[in-house]
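Below you'll find the structure, written out as structure tokens, and then a few comments.
Quantities reported herein were computed from a predicted structural model and do not represent experimental measurements. In what follows, chains carry the letters A, B, and so on, assigned in the order in which the sequence lines appear, proteins first and then strands, with residues in each chain numbered from 1.
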Amino acid sequence: MASYGFSKAVRVKRGAEFTFALRRGQCAADGVLVLFAVPSQPDAPARLGITIPKKTGNAVVRNRWKRLIRESFRTQIEQIPIGHDYIIRPKKNATLNWIAVQKSVPKLACKATKNT
RNA sequence: CGAGCGGGCGGGUCGAUCGCUGGUCAGGUCAAACUGACUGGAGGAAAGUCCGGGCUCCGUAGGACAGGAUGGUCGAUAACGUCGACCGGCCGCGAGGCUAGGGAAAGUGCAGCAGAGAAUAGACCGCCGAACGGUCCGCCAACGGUGGAUGCGUGGUAAGGGUGAAACGGUGCGGUAAGAGCGCACCAGCGACCGAGGUGACUCGGUCGGCUUGGUAAACCCCAUCCGGAGCUAGACCAAACAGAAUGAAGCGGCGGUCCGUCGCGCAAAAGAACAUUCGGGUAGGUCGCAGUGGAGGCGACGAGCAAUCGUCGUGCAAAGAUAAAUGAUCGUCGUCGCGGCAGGGCUCGCCUUACCGCGGCACAGAACCCGGCUUACAAGCCCACUCGCAAU
RNA sequence: UACCCUAUGGUGUAAUUGGCAACACAUCUGAUUUUGGUUCAGACAUUCUAGGUUCAAGUCCUAGUAGGGUAG
């Protein structure tokens with residue numbers, strides 16, 4: 001049974017890893033989110049990085065986006081292919097909706113990794 | 001009851017499940033990672049970054065200039081552009097509100113259009129006059145003189161009209177050809193002096209003076225007071241891979257607005273060392289700073305003061321600390337507001353009110369070294385003081 | 001996080017010392033033309049917002065809003 005934790009080990013932390021993923025990663029998007037996927041070690045757990053542009057809103061709105069994305073990644077970790085790093089950002093002009101985000105995260109992750 | 005004015009409080013409650021993060025303890029490990037238990041985890045503005053400080057480094061932060069800030073008085077404060085009280089001015093019937101409020105008699109500048117004239121001002125209409133010139137008429141007389149008429153030119157005047165944001169005091173009497181501070185009286189304003197009150201800004205009263213000396217300094221400027229610069233990306237320490245290298249002169253550098261002053265190294269030649277600068281790297285990365293017996297703390301009592309605030313005493317009242325960056329997600333519950341429904345009650349008979357049920361909502365906003373302010377944003381609800389109007393007693 | 005700059009018709013720019021907000025293009029309306037184009041005439045502004053100084057503010061001062069940029 002997969003744990004529902006979200007410790008530091010499963011986060012993307014380095015700025016270089018972010019820029020690499022955004023430039024070279026496989027991209028998938030829908031009306032709510034944009035997701036970039038990059039393969040890491042085959043047996044490594046899936047790692048998540050979230051980037052929210054400042055234009056999204058004020059600090060409260062940005063925090064809420066981040067928490068919802070993280071929460072949907074955490075609770076649905078079984079459905080997400082391992083061995084990849086994921087960078088997620090909200091789509092421009094998208095309105096914040098918990099159900100939509102929840103559906104979108106695993107769908108986009110599968111879609112992006114299938115292409116590699 | 002209506003309208004208003006000033007100020008304060010408040011910032012949802014309690015749980016369940018799954019998570020994040022700091023600390024302590026235990027397990028685990030060479031050391032970590034990791035696991036478990038207990039425990040702490042956003043605000044009144046944490047925001048804007050507009051001021052002021054602490055703290056850190058620059059050099060021991062000292063002088064002058066430049067530059068910047070402030071600008072009624074007294075006080076409060078670590079300090080401030082903040083706060084309190086008071087004074088002056090403007091607004092409001094009033095409670096109250098606003099106020100960058102030193103100097104225009106140190107100097108320079110500016111004032112469009114309109115208007116006659118805009119700063120040692122000016123004469124369009126108007127008013128006045130026959131001294132001068134012109135014109136007309138008469139007389140003597142012979143190219144001149146004299147008398148009268150005329151406001152055409154020249155002249156006097158600024159009371160009145162009109163323009164403007166502003167027109168170089170106002171009213172009355174005298175005066176004059178008409179007028180004018182031309183003279184006088186009173187009033188306003190300015191300056192000097194005297195007296196009274198106040199710590200002071202200033203207020204009140206009196207005497208004298210020349211008769212008036214305008215506005216703008218959030219225009220330049222002058223005066224007074226204050227400010228050294230940069231900031232936690234401050235700064236201290238540890239420290240990879242590759243790979244160490246170049247330059248300097250009797251001056252060079254520290255020195256970040258400029259100069260003085262000051263400090264470090266060097267000043268016969270060569271070599272070395274040292275010093276300084278530049279590039280590679282003091283970089284990537286990490287630890288500390290950094291989270292607390294701490295902060296110009298909070299609360300309570302007493303005292304001083306109109307107040308801001310201060311003093312003394314008491315009080316475990318007190319535990320956020322991330323770094324791609326924690327403080328969350330879902331559900332329930334109670335609270336509250338709005339709308340709708342329904343039973344009861346009131347009654348002016350279609351409105352009000354209470355219990356219950358359903359649906360929907362509950363703001364502004366997220367610590368990043370720490371404090372004191374200011375400014376701006378903010379849902380529902382609550383409290384206090386005061387003013388005006390109407391009605392009743 | 002620290003710091004800096006900008007804002008004027010729909011768009012791109014002007015406005016001297018504070019003194020009637022100007023120009024080009026676009027759009028719309030009308031005229032000319034059989035119609036269209038050209039041409040001509042006209043319309044289109046709360047100078048980002050709110051206060052203040054001044055007789056007078058796009059310009060000066062204060063506070064805010066929005067957008068953009070620089071450093072690490």
Side-chain angles (χ1 to χ4, degrees):
Chain A
M1 188 66 195
S3 81
Y4 291 101
F6 188 72
S7 63
K8 285 180 179 176
V10 295
R11 297 183 208 166
V12 180
K13 294 177 83 173
R14 298 198 170 268
E17 292 171 352
F18 270 83
T19 48
F20 179 82
L22 291 171
R23 221 172 262 176
R24 301 283 168 79
Q26 283 295 322
C27 174
D30 61 7
V32 185
L33 299 175
V34 181
L35 181 141
F36 298 86
V38 162
S40 52
Q41 301 299 316
D43 297 332
R47 298 198 305 163
L48 175 68
I50 305 167
T51 175
I52 318 270
K54 218 167 190 178
K55 284 187 180 176
T56 311
N58 60 23
V60 175
V61 173
R62 294 200 302 273
N63 266 337
R64 186 150 176 83
W65 266 107
K66 185 175 62 190
R67 284 160 180 166
L68 291 183
I69 292 167
R70 202 178 59 200
E71 201 65 16
S72 53
F73 182 87
R74 183 176 70 80
T75 50
Q76 302 173 89
I77 190 80
E78 311 152 299
Q79 304 178 35
I80 291 166
I82 61 165
H84 288 77
D85 291 345
Y86 301 97
I87 305 295
I88 299 180
R89 70 169 167 84
K91 186 116 177 163
K92 239 183 210 175
N93 304 324
T95 49
L96 194 54
N97 186 318
W98 164 235
I99 295 162
V101 170
Q102 215 172 9
K103 282 182 182 170
S104 173
V105 167
K107 193 182 75 188
L108 291 177
C110 295
K111 190 178 164 191
T113 48
K114 213 176 281 179
N115 293 346
T116 45

G-U wobble or Watson-Crick pairing nucleotide for [N] (cut-off 3.5 Å, both distances):
N       : result
B/rG22  : B/rU39
B/rC190 : B/rG209
B/rA185 : B/rU171
C/rC3   : C/rG69
C/rA14  : none
B/rC86  : B/rG72
B/rA236 : B/rU287
B/rG112 : none

Search all heavy atoms of [X] against all heavy atoms of [Y] and return the closest pair with its distance.
X        : Y       : result
A/Pro90  : A/Leu33 : CA-CD2, 4.0 Å
A/Pro106 : A/Gln79 : CB-OE1, 3.7 Å
A/Leu108 : A/Leu35 : O-CD2, 3.9 Å
A/Tyr86  : A/Ala46 : CE1-CB, 3.7 Å

Closest to the [X] side chain: [options]?
X       : options                   : value
A/Asn58 : B/rA365, B/rG328, B/rA324 : B/rA365
A/Val60 : B/rA365, B/rU327, B/rG19  : B/rA365
A/Arg64 : B/rA324, B/rU330, B/rA326 : B/rU330
A/Arg74 : B/rC18, B/rG366, B/rA329  : B/rC18

What's the [atom1]-[atom2] distance between [X] and [N], to the nearest Å?
X       : N       : atom1 : atom2 : answer
A/Ile50 : B/rG328 : CD1   : C1'   : 12 Å
A/Ile69 : B/rG19  : CD1   : C1'   : 17 Å
A/Glu71 : B/rG328 : CD    : P     : 11 Å

Check the phosphate of B/rU327 against A/Arg70, side-chain N and O only, distance under 4.0 Å to OP1 or OP2. Yes or no?
yes

Quick check on B/rA325: is either OP1 or OP2 less than 4.0 Å from any side-chain nitrogen or oxygen of A/Lys66?
no

Honestly curious: do A/Ile82 and A/Ile77 fall in one hydrophobic cluster under the side-chain, below-4.5 Å linking rule?
no

C/rU11 and B/rA42, which share atom name P, separated by this distance in whole Å:
47 Å

Give me the distance, rounded to whole Å, that separates B/rC80 from B/rC91 when you measure between the C1' atoms they each carry.
31 Å

